[in-house]
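Quick caveat: nothing in here was measured; it's all calculated off a predicted structure.
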Amino acid sequence: MQTIDGLLREAPAFKALAEAQRHRVAADLAVVAAFLRPKAGPPRAGKGLRTGPRLGALLQEVALPEFVRALVAGTFQAVVDASLQQMQAYAELMAATARSVDSLRGDADLRAEVAARLEQRLREIFVIEGGPEAESR
């Protein structure tokens with residue numbers, strides 16, 4: 001059975017890391033492995049933690065490197081998916097905002113046009129005292 005250190009040294013992605021990162025990953029993995037390693041002595045009842053040969057068999061069934069790879073890949077994919085969803089929501093927000101601005105601009109243009117027509121029509125109907133039409137009379 002290969003050691004964790006041997007598995008890491010063979011992994012292309014691990015080799016691509018900077019040396020300081022490789023040391024940090026190896027140290028963190030050692031902490032996790034030490035936690036999972038069965039303790040000497042009889043299993044403690046009621047703690048919910050498997051120890052002894054059963055834990056070793058479980059760890060062999062789980063295939064820790066593959067499990068960790070899948071866990072990291074799944075987490076990364078979840079982050080990417082969340083970022084895509086956020087960007088899509090932002091794009092929808094900007095599209096709705098642009099539609100609202102266009103609508104308001106159209107309403108403002110329409111209001112100005114209506115006001116100009118109304119003013120013209122009122123000038124045709126009513127003579128404004130002191131205005132240009134009053135002077136011409």
Side-chain angles (χ1 to χ4, degrees):
M1 184 169 140
Q2 279 189 310
T3 65
I4 292 174
D5 188 48
L7 290 170
L8 283 176
R9 288 176 196 241
E10 290 177 7
F14 184 74
K15 290 177 187 177
L17 293 175
E19 185 176 351
Q21 287 178 307
R22 286 194 308 265
H23 287 294
R24 185 71 205 156
V25 168
D28 290 343
L29 194 52
V31 169
V32 172
F35 176 77
L36 294 175
R37 186 176 303 124
K39 306 285 186 250
R44 295 181 299 186
K47 297 297 181 187
L49 181 66
R50 294 181 181 180
T51 58
R54 289 179 57 198
L55 177 62
L58 177 64
L59 287 176
Q60 287 178 354
E61 288 176 24
V62 169
L64 186 61
E66 179 59 27
F67 171 76
V68 171
R69 185 207 60 76
L71 180 63
V72 169
T75 302
F76 177 76
Q77 191 59 49
V79 169
V80 169
D81 290 346
S83 295
L84 285 173
Q85 289 173 355
Q86 286 176 338
M87 189 53 68
Q88 289 170 344
Y90 181 74
E92 290 172 10
L93 173 66
M94 288 298 102
T97 302
R99 282 192 304 271
S100 295
V101 167
D102 287 343
S103 176
L104 290 173
R105 185 179 298 130
D107 288 350
D109 293 345
L110 181 61
R111 279 191 220 123
E113 184 180 326
V114 167
R117 285 184 186 174
L118 182 59
E119 180 182 3
Q120 180 62 34
R121 188 73 176 130
L122 288 174
R123 286 185 186 274
E124 291 172 5
I125 297 173
F126 298 102
V127 176
I128 301 174
E129 291 185 22
E133 289 110 12
E135 293 176 3
S136 64
R137 291 187 183 180

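- The OG1 atom of Thr97 sits 11.5 Å away from the CD atom of Glu92 when rounded to the nearest 0.5 Å.
- Counting only residues at least two apart or on different chains, the side-chain hydrogen bond (donor to acceptor under 3.5 Å, both in side chains) pairs with a member in residues 74-87 are Gln77-Asp81.
- Listed by first and then second residue, the salt bridge (Lys or Arg N to Asp or Glu O under 4.0 Å) pairs involving residues 18-27 are Arg24-Asp28 (not counting sequence neighbours).
- Annotation: side-chain hydrogen bond (donor to acceptor under 3.5 Å, both in side chains) contacts of Glu119 (sequence neighbours excluded): Arg123.
- For Arg69, the salt bridge (Lys or Arg N to Asp or Glu O under 4.0 Å) test picks out Glu66, with sequence neighbours left out.
- Every residue two or more places apart in sequence or in another chain that forms a side chain to side chain contact (heavy atoms under 4.5 Å, CB included) with Val25 is listed here: Phe14, Leu17.
- Under the 4.5 angstrom side-chain criterion for Ile, Leu, Val, Met, Phe, Trp and Tyr, the cluster partners of Met87 are Tyr90, Leu93, Met94.
- Hydrophobic clustering (ILVMFWY, side-chain heavy atoms < 4.5 Å, transitive): Leu110 and Leu118 are in distinct clusters.
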